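These numbers come from a predicted model, not from an experiment. Letters go in sequence order (proteins before strands), and every chain restarts at 1.
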There are 2 protein chains.
Amino acid sequence: MDADKVFKALGDPTRRKLLDLLCEQNGQTLGQLCENLEMARQSATQHIDLLEAANLVSTVRRGREKLHFINPVPLHDIYERWVRKFERQRLSLLHDLKQELEGEDR
Amino acid sequence: MDADKVFKALGDPTRRKLLDLLCEQNGQTLGQLCENLEMARQSATQHIDLLEAANLVSTVRRGREKLHFINPVPLHDIYERWVRKFERQRLSLLHDLKQELEGEDR
DNA sequence: CCAATACGCAGGTAAATACCTGCATGTCAA
DNA sequence: TTGACATGCAGGTATTTACCTGCGTATTGG
């Protein structure tokens, strides 16, 4: 998993909207997706290319159409590497901060 | 939670490294953090400003020092909104793709 | 066939980003 | 008090990003 590509891909509202659209209905064509975006088709294609590069979306060609499918695996990997790690220490981290703030009062 | 700020903050290797550094030892000063980064202190400050804007890091001034603490809450919010949602549909999403691929063979 | 449809490719521009240098301010310790 | 130290602030530049327009290619249905 390339965390950089995944986070950069998610760091744009248009691309997050694309994922939401595909979550509502998986396997949509480029044209269908563009109907819900207020930008040129070519611009949407560039966003989708980044989602594909991050492996968040897979595509299948059917004739002249290109179908898009979500791949949730990278999101799960993000969870394992970047959420659980900090979640586990959540209480102790807040504890550190609280102690520091209390230290100021003394 | 501002998902855009959080994802954009996470979409840079330097800022992810800063979070890792703070996870190893919470409450470090700017100077301590800079020792582990190969860039000017002023550049690191700009990265930290983005982490603060995303509420991923909180700071406390102690005299002439600035101490940095991780706040894991936004990460957990990301999990709730962007991981669990897709995780829940993981199997069905893959099912959609598989069906589409099999459809190609017929 | 051939016109409409769905998409790919090339390039160009404005804004955002990630760095830097130089200098100013505030704090501590001798 | 004053010099050393930790950080803040201002601005400038090169790269990346997010759009666009224009045109080319491939597929389908009548």
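Atom CG in A:D4 sits about 13 Å away from atom P in D:dT16, given to the nearest Å. If you measure from atom CG of B:D12 to atom P of D:dT15, you get 17 Å, rounded to the nearest angstrom. When the P atom of C:dC7 is taken as reference, atom CD of A:E35 falls 10 Å away, rounded to whole Å. Look at CG on B:L51: it is 14 Å from C1' on C:dA18, rounded to the nearest Å. For B:D49 and D:dG8, the CG to P distance is 8 Å, given to the nearest whole Å. The CG-P distance, from B:L30 to D:dG8, rounds to 6 Å in whole Å. The CD atom of A:Q28 sits 14 Å away from the P atom of C:dA6 (whole-angstrom rounding). Note: CZ (A:R62) to P (D:dT28) measures 10 Å, nearest angstrom.
Place A:R64 and A:T14 on DNA chain D by their nearest nucleotides, and A:T14 ends up nearer the 5' end. Nearer the 5' end of DNA chain D, as judged by each residue's closest nucleotide, is the contact made by A:L50, out of A:E65 and A:L50.
Of the candidates B:Q28, B:Q42, B:R41, B:M39, B:C34 forms a side-chain contact (heavy atoms from CB on, under 4.5 Å) with just one, namely B:R41.
Inter-residue side-chain proximity for B:L67 and B:N26 is flagged as unmet; no heavy-atom pair is nearer than 4.5 Å. A heavy-atom distance below 4.5 Å is found between the side chains of B:L21 and B:K17. Residues B:L19 and A:F86 have side chains in contact (heavy-atom distance under 4.5 Å, counting atoms from C-beta outward).
Linking Ile, Leu, Val, Met, Phe, Trp and Tyr residues whenever their side-chain heavy atoms come within less than 4.5 Å places B:M1 and B:L10 in a single cluster.
The stretch residues 36-47 of chain A touches DNA chain D through A:M39, A:A40, A:Q42, A:S43, A:Q46, A:H47, each having a heavy atom within less than 4.0 Å of the strand.
For C:dT17, the OP1/OP2 oxygens have no side-chain nitrogen or oxygen of B:K8 closer than 4.0 Å.
One side chain, A:T59 or A:E52, offers a donor N or O that lies under 3.5 Å from an acceptor on the other.
Between A:H76 and A:Y79, the ring planes are tilted. Angles from 30° to 60° get that label.
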